[in-house]
Amino acid sequence: MSTMPIAISGAGVAGMSTALHLAKKGHEVHLFEAAAELSEVGAGLQLSANALRCLEPLGLLPALKAVATAPLSIEMANGRAGSKLTSIPLGTHAEEKYGLPYLVIHRADLQNVLKEAIWAEPNITLHLGCRIQNAVQHEDGVSLEGGLCGRQLETRYACLIAADGVWSKIRKNALNLPPAEFSGRVAYRTTVPIEGVPEHMRNTTGLWMGNKSHLVHYPVHNGSMLNIVAIRREDWHEEHWAYTASTLELRKAFEDWQDEPRQILELSENWTRWALCGLRPDGPWHKGQIALIGDAAHAMLPFMAQGAAMGIEDAYILSSAIEKLGTTSEAFAAYEKARKPRVARVVRQAINNERIYHLPMPGYFARDMVLKTSSPESLLAKFDWIYGWKPEDDALN
């Protein structure tokens, strides 16, 4: 084990998960975060069994279950026709099938659980307000450059793990890789108190599909709030997570939908929007002693709800590679080789899901017929390869 600390850039879900796994294995970790405080970024997310299997060894499941919700089902419907299509079982069915629950959680709650674990871990030093812009590799380690706590740090690190998100500075400046590309899709999000929400929406995930758009809602904050996300094709692109959205413009975009889904949009007057960007997962994820993880390596569109889960899986596999091979380029190469096939398959599935969700008329007639006539259990089983994944499935060679 190297006597030098490991540096991680970015204290999001992937960065904090990686720091915790490495610290549990005895490594000294310095975790750098550009923000002055760890606060909520983004919206709700889904923690399926594959992600929970990677968080369970950290002892986080009780804390996660206390703030998350386990929806009973996914209710799929046609937003323009207003017709209900199928109800895919989750709840106890998913937990019995995969061994762990299928949870929905607000990103802020997940971050808080990870943050509490970070603060309790003596092997982790958290540097807030420290933006890493670049890194330089030397024979005796890696040095960091940028606006680091208002000063330049002299410390050398055994390696740098870049978990600095879809607009990663390390990806661009240290690895000279292309930035993420705008997908042509924009997501609008809001949360509302559960008291004003119809009863049947309080313990399920709703998915309404439409022409080049769809609407998702599910309970978060231990069931006290409803998270709502509307996604549509739109020519708007800004590199930020929380631009204020025009409620009038959003409702106009869904004016040809039926009353029930449009009434969901009426539940809030406070919406934010962000441009959805992605990265091809087949590019390089490491160079020497610097590795990319999570969205910095393979940002994907949210149509499979696995973006955070893939970063959590990355954290487990990368820490295992370092435990096996040390803080070496060989460890990063083994991690990349192990993870790429699965991540690429999930990316392809997300793209295929969008095509299915956003079918225009008359194409959606065939989709709706398949959903109505298929066994709900068989629809869930199509994703056994995602939810049933175990860390040992991504073998390190």
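Numbering starts at 1 and runs along the sequence shown. Just so you know, these numbers use all the heavy atoms, side chains as well, and skip hydrogens, waters and symmetry mates. Here the structure is a predicted model, which is why all the values come from computation and not from measurement.
- Under the side chain to side chain contact (heavy atoms under 4.5 Å, CB included) rule, I161 has a single partner from L292, L22, I290, I170, which is L22.
- Using a 4.5 Å cut-off on side-chain heavy atoms (C-beta onward), M225 and V192 make no contact.
- In the hydrophobic clustering of ILVMFWY residues, with side-chain heavy atoms under 4.5 Å counting as a link, Y218 and Y357 come out together.
- With hydrogens and angles ignored, the 3.5 Å screen pairs no side-chain donor or acceptor of R202 with any backbone N or O of S224.
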Criterion side-chain contact (heavy atoms from CB on, under 4.5 Å) on Y387 and K97, from CA distance to verdict:
CA-CA 9 Å; Y387 306 140; K97 182 178 178 66; over 6 Å; no
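- Under 3.5 Å, the side chains of R53 and N50 contain no donor-acceptor pair of N or O atoms.
- When hydrophobic clusters are built by joining Ile, Leu, Val, Met, Phe, Trp and Tyr residues whose side-chain heavy atoms come closer than 4.5 Å, directly or via intermediates, W385 is grouped together with I74.
- At a threshold of 4.5 Å between non-hydrogen side-chain atoms, the residues P5 and H30 count as touching.
- Checking D109 against H221 by side-chain atom types alone, a donor-acceptor pair falls below 3.5 Å.
- For the residue pair E75 / T204, no side-chain donor-acceptor distance below 3.5 Å is found, with atom types taken as modelled.
- L47 is connected to V104 through a chain of hydrophobic side-chain contacts under 4.5 Å among Ile, Leu, Val, Met, Phe, Trp and Tyr, so both are in one cluster.
- When all heavy atoms are compared, the tightest approach of G79 to P261 is O-CG, 3.7 Å.
- Put simply, the side chain of H106 does not reach to within 4.5 Å of the side chain of Q111, judged on heavy atoms.
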side-chain contact (heavy atoms from CB on, under 4.5 Å) assessment of C130 paired with E33
CA-CA 5 Å; C130 298; E33 169 56 41; over 6 Å; no
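- By the 4.5 Å heavy-atom criterion applied to side chains, S17 and L114 are counted as neighbours.
- A distance of 8.5 Å separates CE in M209 from OG in S83, rounded to the nearest 0.5 Å.
- Distance alone, capped at 3.5 Å, places no donor-acceptor pair between the D314 side chain and the I293 backbone.
- One finds the CE atom of M16 at 10.5 Å from the CG atom of L60 (value rounded to the nearest 0.5 Å).
- Counting only N and O atoms by type, the side chains of E95 and Y102 include no donor and acceptor under 3.5 Å apart.
- Side chain of Q137 to main chain of A174: no donor-acceptor pair is present (N/O by atom type, distance under 3.5 Å, no hydrogens or angles).
- Judged purely by atom type and a 3.5 angstrom limit, N173 uses its side chain to pair as donor or acceptor with the backbone of Q133.
- Sorted by first and then second residue, the salt bridge (charged side-chain N to carboxylate O under 4.0 Å, His left out) pairs involving residues 135-144 (not counting sequence neighbours) are D140-R156.
- Hydrophobic cluster membership is shared by L175 and I132, with clusters built from Ile, Leu, Val, Met, Phe, Trp and Tyr side chains linked at under 4.5 angstrom.
- Salt bridge absent: E181 and R280 never bring a charged side-chain N and a carboxylate O closer than 4.0 Å.
- The shortest non-hydrogen separation linking W119 to L126 is NE1-CD2, 3.6 Å.
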In sequence, state the C-alpha distance, the side-chain angles, and the governing distance for E354 and R233, and then conclude on salt bridge (Lys or Arg N to Asp or Glu O under 4.0 Å).
CA-CA 11 Å; E354 188 215 15; R233 287 186 176 269; 3.6 Å; yes
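- Of the possible polar contacts, one joining the T190 side chain to the N270 backbone as a donor-acceptor pair under 3.5 Å is found.
- Between the side chain of K340 and the main chain of D282, a donor-acceptor pair closer than 3.5 Å is present.
- No donor-acceptor pair closer than 3.5 Å links the side chain of E269 to the backbone N or O of T247.
- Using a 4.5 Å cut-off on side-chain heavy atoms (C-beta onward), V343 and P281 make contact.
- Here the closest heavy-atom approach between residue P391 and residue C54 is recorded as CG-SG, 4.2 Å.
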Run L90 and L380 through side-chain contact (heavy atoms from CB on, under 4.5 Å) and show every step you take.
CA-CA 9 Å; L90 294 177; L380 179 62; 4.3 Å; yes
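- Here L110 contributes atom CG and K115 contributes atom NZ; the two are 11.5 Å apart, rounded to the nearest 0.5 Å.
- A salt bridge links K84 with E260: the distance from a Lys NZ or Arg NE/NH1/NH2 to an Asp or Glu carboxylate oxygen falls below 4.0 Å.
- Remark: side-chain polar atoms of D295 are not paired, donor with acceptor, to backbone N or O of V166 under 3.5 angstrom.
- Residue S213 forms a side chain to side chain contact (heavy atoms under 4.5 Å, CB included) with just one option from R232, R185, R80, and that option is R232.
- Taking the side chain to side chain contact (heavy atoms under 4.5 Å, CB included) definition, one finds that A19 meets it with I8, V29, L31, I118, I124, sequence neighbours left out.
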Chi angles and distances behind the salt bridge (Lys or Arg N to Asp or Glu O under 4.0 Å) call for K169, D164
CA-CA 7 Å; K169 297 296 184 183; D164 50 346; over 6 Å; no
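- Centroid-to-centroid, the aromatic rings of F303 and H358 come within less than 6.0 Å.
- A salt bridge does not link R262 to E255: none of the charged side-chain nitrogens sits closer than 4.0 Å to a carboxylate oxygen.
- Between L72 atom CG and T92 atom OG1 the span is 8.0 Å, to the nearest 0.5 Å.
- Looking at N112 and E116, their side chains never bring a donor and an acceptor atom within 3.5 Å of each other.
- With 3.5 Å as the limit, one finds a donor-acceptor pair spanning the side chains of S143 and H138.
- Taking the side chain as every heavy atom from C-beta outward, E313 and Y316 never approach each other to under 4.5 Å.
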Give the C-alpha distance, both sets of side-chain angles, the deciding distance and a yes or no for side-chain contact (heavy atoms from CB on, under 4.5 Å) between E336 and I317.
CA-CA 9 Å; E336 181 175 335; I317 299 301; over 6 Å; no
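- Using a 4.5 Å heavy-atom cutoff, the side chains of Y188 and E234 are in contact.
- Judged by distance alone, the side chain of T69 and the main-chain N or O of P71 form no donor-acceptor pair under 3.5 Å.
- Atom-to-atom distance recorded for H286:NE2 and F332:CZ is 8.0 Å, nearest 0.5 angstrom.
- At a cut-off of 3.5 Å, with distance as the only test, no side-chain donor of W285 or H298 sits close to an acceptor on the other residue.
- The aromatic rings of Y157 and F32 lie perpendicular to each other, with more than 60° between the two planes, well past the 30° mark.
- Considering every non-hydrogen atom in both R171 and A297, the closest pair reads NH1-O, 4.0 Å.
- Nearest heavy atom pair, residue C159 against residue I6, reads SG-CG2, 3.7 Å.
- By the 4.5 Å heavy-atom criterion applied to side chains, Q306 and M310 are counted as neighbours.
- With values rounded to the nearest 0.5 angstrom, I264 atom CD1 is found 11.5 Å from D259 atom CG.
- Hydrophobic clustering of Ile, Leu, Val, Met, Phe, Trp and Tyr side chains at less than 4.5 Å, counting indirect connections, unites M300 with V229.
- Remark: side-chain polar atoms of S183 are paired, donor with acceptor, to backbone N or O of L276 under 3.5 angstrom.
- In this pair, H217 and W208 present their aromatic rings tilted. The plane angle is within the 30 to 60° band.
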